[in-house]
**Q** 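Starting off with a structure, shown below.
One-based numbering, in listed order, for ligands and for the atoms of each. These numbers come from a predicted model, not from an experiment.
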Amino acid sequence: MKCFPALLGLLLCGLLAACSTPPPPAASGPVILISIDGFRWDYLQRHDAPTLRALAAGGVHATRLSPSFPSKTFPNHYTLVTGLYPQNHGIVANWFYDPADNAKFDMSKTEARWWQGGEPIWITAEKQGVRSACFFWPGSESVNRGIRPTFFKHFDHKMPSADRVDGLLAWLALPAAQRPRLATLYFDIVDTQGHTFGPLAPETGAAVKEVDAAVARLLAGLERLGLRETANLVIVSDHGMSECPPDKVVFFEDLMDISQVRVEANGPNGGVRPKPGVDVAALVAHIRAKAPPAIKVYRREDVPARLHYSRGESIPPIMLIADDHWTIEERSRWTPAWAATSKATHGWDPATPNMGALFLANGPAFKQHVELPDVANIHVYDLLCALLGVKPAPNDGDQRLARAALRR
Ligand code: AMP
Ligand code: ZN
Ligand code: ZN
């Protein structure tokens, strides 16, 4: 009788082991993670992208990669490389306020203090003896617990896409002992043109074509270096893009007395921090009464659980979350002239179809001709770890993408 619990334990262990199949073996060539900022999931068919289309068709393609909330650049790039929701890695927006230190974050901030939440893939790799190289990626210019990528570049928005590819190829051309095994590459032109002209504009189509040509240039370079056969490419974007017409703009000033708050987020989601002494419950009720149905108003702790956006003082205590196409702005800062130069944006609920992002993967470690259903971007980190054969740091994702995409 005594050994019955032990026997049961053994049986349970066996069952659990069978359910959690170990990840597939690591690949040997370079693992290249490419981000095409603002590449909406359907651009692959809607715009001219022959190289990307061929890689998707021959490898693994997910219908849509779901971003994490808010569907902005910095939170999502850091989610892709840490597997953590923004509330858990701490980059909760492109710009935010840290009341504990009375400090402001924006996209130019590379000081280590902002980038300590979670472990980006290049740190996981370096800690386990895998060399990494980042040709741009939010957070890659920072030190994480004393470690940084072996190679990295300070971000330069103006650098042409082809030069970024050539820079990465120069690192991959190093002798095997110095060559990185994990590389990141980042393109911003598709996002920039999407904002200015709209997702389906010819100018955005031309940007897609430019990046497609840059990926073709990378493939040709890998071929020259003898790395094409062993390289595994994971190509993602951070979010989609959707029109924000001027007749769907709501002004903070029409919803509340803004002298009572500090406005900390605008666009597809607004965020305000009530000043000391303000009755928060009364203010929320007031904003709710004034807001149109397209805007939902929440106290931070009541933001729907599926958005994972309730934890941490940097998230504004009152969130105004708009439906697709609607935005919330300060009247004093918004002008029709500015709106005319900004046709589209992103930041909406990840479940909004237009916020869907890109996921495709191709290389010897990947299955061929596989279409996957929508997948959340928290699972990309574990996939990269499986490709590199390194142990992932604790994160919000799991092995589902690795299992679905990798050959056994
Ligand atoms: P968003 O406002 O969310 O559309 O942000 C996109 C912009 O982020 C791009 O146009 C880039 O200029 C900027 N960006 C992307 N990566 C970096 C980086 N590593 N450092 C600074 N800015 C960046
Ligand atoms: Zn972006
Ligand atoms: Zn953008």
**Q** Is there an N/O/S atom in D188 that lies less than 2.8 Å from the Zn ion (ligand 2)?
**A**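 Looking at D188, which is the residue asked about, there is no N, O or S atom under 2.8 Å from the Zn ion (ligand 2).
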
**Q** What verdict does the ring-ring contact (aromatic ring centres under 6.0 Å, His included) test give for F252 and W334, after you've listed the backbone C-alpha separation in whole Å, the side-chain angles of each residue and the deciding distance to 0.1 Å?
**A** CA-CA 11 Å; F252 285 105; W334 186 92; over 10 Å; no

**Q** At what distance is the nearest protein heavy atom to atom 18 (C) of ligand 1, and which residue and atom is it?
**A** F155 CG, 3.4 Å

**Q** As an exercise, identify every atom of ligand 1 less than 4.0 angstrom from a heavy atom of D191.
**A** 4 (O), 6 (C)

**Q** Check the angle between the aromatic planes of Y85 and H308 and answer parallel, tilted or perpendicular using the 30° and 60° thresholds.
**A** parallel

**Q** Please say whether D37 places an N or O atom under 3.5 Å from an N or O atom belonging to ligand 1.
**A** no

**Q** Is the number of heavy atoms from other residues, nucleotides or ligands under 6.0 Å of E229 CD greater than 12?
**A**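 Open: at most 12 neighbouring heavy atoms sit under 6.0 Å from CD of E229.
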
**Q** Where's the contact between H157 and ligand 1, heavy-atom distance under 4.0 Å: side chain, backbone, both or neither?
**A** side chain

**Q** Any donor-acceptor pair under 3.5 Å linking the side-chain atoms of H346 with those of D191?
**A**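 Side chains of D191 and H346: pair found under 3.5 Å.
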
**Q** Which N/O/S atom belongs to D238 and is the closest one to the Zn ion (ligand 2)?
**A** OD2

**Q** Do me a favour and list the nearest non-hydrogen protein atom to atom 5 (O) of ligand 1 with residue, atom name and distance?
**A** T73 OG1, 3.0 Å

**Q** Check whether the side chains of N94 and D106 place a donor and an acceptor atom closer than 3.5 Å, and report yes or no.
**A**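 No donor-acceptor contact under 3.5 Å links the two side chains.
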
**Q** Indicate yes or no: does an N/O atom of N94 lie under 3.5 Å from an N/O atom of ligand 1?
**A** yes

**Q** Could you check whether any heavy atom of S108 sits closer than 4.0 Å to an atom of ligand 1, since that is the contact criterion I want to use?
**A** no

**Q** With a cut-off of 2.8 Å, does H195 place any N/O/S atom under that distance from the Zn ion (ligand 3)?
**A** yes

**Q** Against heavy atoms of D188, which atoms of ligand 1 measure under 4.0 Å?
**A** 11 (C), 12 (O)

**Q** Below 2.8 Å, can you find an N, O or S atom of D37 next to the Zn ion (ligand 2)?
**A**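 For D37, the answer is yes, given that an N, O or S atom comes within less than 2.8 Å of the Zn ion (ligand 2).
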
**Q** Within a reach of under 6.0 Å around NZ of K209, are more than 12 heavy atoms found that belong to other residues, nucleotides or ligands?
**A** no

**Q** What part of H195, side chain from CB on, backbone N/CA/C/O, both or neither, has a heavy atom under 4.0 Å from ligand 1?
**A**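 The side chain, only.
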
**Q** Do the numbers put R331 on top of the ring of F251, so that NZ or CZ is under 6.0 Å from the six-membered ring centre and no more than 45° off the axis?
**A**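 The answer is yes, since R331 meets both limits relative to F251.
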
**Q** Using heavy atoms and a threshold below 4.0 Å, how should the contact between Y186 and ligand 1 be classified: side chain, backbone, both, or neither?
**A**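 Side chain only; the backbone of Y186 stays clear of ligand 1.
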
**Q** Does the side chain of T352 pick up a donor-acceptor pair with the side chain of D324 at under 3.5 Å?
**A** no

**Q** If the cut-off is 2.8 Å, does any N/O/S atom of H77 fall short of it from the Zn ion (ligand 2)?
**A**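 It does not; every qualifying atom lies at 2.8 Å or beyond.
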
**Q** Return the residue, atom name and 0.1 Å-rounded distance of the protein heavy atom closest to atom 21 (C) of ligand 1.
**A** M107 O, 3.2 Å

**Q** Set out, in order, the CA-CA distance, both residues' side-chain angles and the distance that settles salt bridge (charged side-chain N to carboxylate O under 4.0 Å, His left out) for R164 and D156, then state yes or no.
**A** CA-CA 10 Å; R164 301 177 189 203; D156 174 6; over 6 Å; no

**Q** Is ligand 1 less than 4.0 angstrom away from at least one heavy atom of H346?
**A**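 Distance cut 4.0 Å: H346 passes for ligand 1.
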
**Q** Taking atom NZ as the centre, does K391 end up with more than 12 heavy-atom neighbours from other residues, nucleotides or ligands that are less than 6.0 angstrom away?
**A**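 It does not: K391 NZ has 12 such atoms or fewer within range.
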
**Q** Taking K296 for its side chain and L320 for its backbone only, find out whether a donor-acceptor pair lies under 3.5 Å.
**A** no

**Q** Determine whether the side chain, the backbone, both or neither of T345 has a heavy atom under 4.0 Å from any heavy atom of ligand 1.
**A**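 The answer is neither; T345 stays 4.0 Å or more away.
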
**Q** State whether S237 contributes an N/O/S atom found under 2.8 Å from the Zn ion (ligand 2).
**A** no

**Q** Heavy-atom count around R333 CZ within 6.0 Å, excluding the residue itself: above 12?
**A**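 Not buried by this count: 12 neighbours or fewer within 6.0 Å.
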
**Q** For the Zn ion (ligand 3), find the closest N/O/S atom belonging to H346 and write down its atom name.
**A**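 Per the distance ranking, H346 contributes NE2 as its closest N/O/S atom to the Zn ion (ligand 3).
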
